[in-house]
Amino acid sequence: MDALVRPTVDPAFAAGALAFLLAGVALGTASGLVPGLHANNFALLLAGFAPSVPADPLFVGVAMLGAGVVHSFLDIVPALALGVPDAATAVAALPGHRLVIAGRGREAVRLSAVGSGLAVALAVPLAVPITWLMIRWYPTLRAHLPLLLGAVVVALVLTESSRRAAVGGLVAFLASAALGLATLDADPAAPLSTGGVLAPLFAGLFGVPVLVDALGGDGVPPQADPQIAMDARDLGTSAGAGSLAGAVVGYVPGVSAAIAAVAAMPAVPSESVDRGFVVATSGANTANTIFALFALVALGTPRTGVTVAIDRAGVPFALPLLLVAAATAACFGFALVVLVGDPYLRIVGNADYTRLSVGVLGVLALISYAFAGAFGVGVLIVAGALGLAPPRVGARRVHLMGVLIGPLIAG
């Protein structure tokens, strides 16, 4: 009788993978909590260091993936506390900040964690059928992407609260689109070779205005209990919309999590739009890591900063191990958001907000210079001035996503 075949686990290999995953979790925690640090820039920095790491490339890939997943959970925290979002959470920062001002910041932290966690749980079983569909539908989707995005822009303008706000929103969209067309393809000299203009663009459009308006203010108000005031059905619907939006990000080039979240707005329940939008955007931001991993393995095309880094580092496509690493990192990310989010809000609330705002503005200027040199600092200033305009005419800052949507529509 043949001996039974039993699966075996190499303890040394498992220990090595776990050690690198924990290192990635630590890196993702640090990067996610730095205001204005874009996930793509951080991932490409890791890719630059990867060749010098004396370890199995698969372990390096596990660390990169862990860092990217945890970053996608935690980058909402500075967006809520300081108003300085990562590019992927720029849209969510707007309703999220309203929740913080209303004393519901602790709830917003948990909404983000639940949105990211549910979206990852949905993304893993959905990835195989969606990959199959996207391979077949991609040419049609790509051909009609400008039309889809144009419809989203029209819907955002028409749903403004007044004619003045609608006109202001349209002007903000056109101005930010022009800024995107003028800067996104720039390749400025900068101290860091993996730089780019995304960090100064989004820090300027969505972070600087909040900090400037807050100068002399009282900072984060006292926060109420953390109970989620959103029913399970709306929560699941918003997370599902975020997960599907993450699929679009993972497969369609040029579409960010923020753009996908804007396109997913109609699916967010109107009864709890601010809360639903935080859930959907956080879900899209995290789930796209899973879908982008499948896109890399199935199509050989990296779509996100993390998958570009994995591709450049020559990481073997051991999909089962990488998925386990991503799921484990998501568990760490969920716990860390809750553990870190409340103290972060409390510390910021107790700080001298004028000094804190000036200090964070200085950090944003340094990050802009590091990633895009003097050009980046100039972009930060111009984008910051533009970001101040929409609320002055009663319009939403979401129209400033034209910085990415406009160039995509223009082709």
Side-chain angles (χ1 to χ4, degrees), residues 3-34 37 39-75 77 113 116-125 127-128 194 250 285-298 300 302 304-341:
L4 291 175
V5 178
R6 294 185 176 89
T8 60
V9 176
D10 182 345
F13 182 87
L18 179 60
F20 272 79
L21 177 62
L22 292 175
V25 167
L27 289 172
T29 301
S31 68
L33 296 177
V34 174
L37 182 57
N40 285 347
N41 293 127
F42 177 66
L44 294 175
L45 282 173
L46 290 181
F49 286 111
S52 61
V53 177
D56 187 330
L58 185 56
F59 289 171
V60 176
V62 165
M64 288 178 172
L65 193 59
V69 170
V70 171
H71 181 112
S72 73
F73 270 84
L74 285 170
D75 56 3
V77 175
S116 290
L118 285 177
V120 170
L122 291 169
V124 173
V128 172
T194 57
N285 185 27
T286 304
N288 91 84
T289 304
I290 304 297
F291 289 112
L293 187 60
F294 272 83
L296 177 62
V297 173
T304 65
V306 171
T307 53
V308 168
I310 287 174
D311 189 49
R312 287 186 182 178
V315 175
F317 294 159
L319 189 58
L321 176 62
L322 294 176
L323 284 176
V324 169
T328 306
C331 294
F332 278 106
F334 184 93
L336 285 165
V337 169
V338 177
L339 289 172
V340 175

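Positions are given from 1, in the same order as the sequence printed here.
The two residues A330 and V120 make their nearest non-hydrogen contact at CB-CG1, 4.2 Å. The minimum heavy-atom distance linking S72 with S116 is given by the pair O-OG, 4.3 Å. Minimum heavy-atom separation, G61 to V315: CA-CG2, 3.6 Å. Residues V69 and A326 approach most closely at CG1-O, 3.9 Å, considering heavy atoms. In terms of heavy atoms, M64 sits closest to V306 at O-CG1, 4.1 Å. Nearest heavy-atom pair across G314 and P57 is O-CB, 3.9 Å.
L65 places none of its side-chain heavy atoms less than 4.5 Å from the side chain of F20. The shortest side-chain heavy-atom distance between F332 and L22 falls under the 4.5 Å cut-off. F73 is not listed as a side-chain neighbour of V340, based on a closest heavy-atom distance of 4.5 Å or more.
For L122, the side-chain contact (heavy atoms from CB on, under 4.5 Å) test picks out L126, S243, with sequence neighbours left out. With sequence neighbours excluded, no residue forms a side chain to side chain donor-acceptor pair (under 3.5 Å) with T289.
Atom CG of L118 and atom OG1 of T286 lie 11.0 Å apart (nearest 0.5 Å). Atom-to-atom distance recorded for L33:CG and H71:NE2 is 9.5 Å, nearest 0.5 angstrom. To the nearest 0.5 Å, the span separating CZ on F334 from CG on L339 amounts to 10.5 Å. Rounding to the nearest 0.5 angstrom, the gap separating the CG atom in L293 from the CG atom in L322 is 5.5 Å. Between F317 atom CZ and L58 atom CG the span is 11.5 Å, to the nearest 0.5 Å. Rounding to the nearest 0.5 angstrom, the gap separating the CG atom in L321 from the CZ atom in F59 is 8.0 Å.
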Please test V324 against T328 for side-chain contact (heavy atoms from CB on, under 4.5 Å), starting from the C-alpha separation and ending with a verdict. CA-CA 6 Å; V324 169; T328 306; 4.0 Å; yes
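Within the 3.5 Å criterion, the main-chain N or O of G28 finds a donor-acceptor partner in the side chain of S31.
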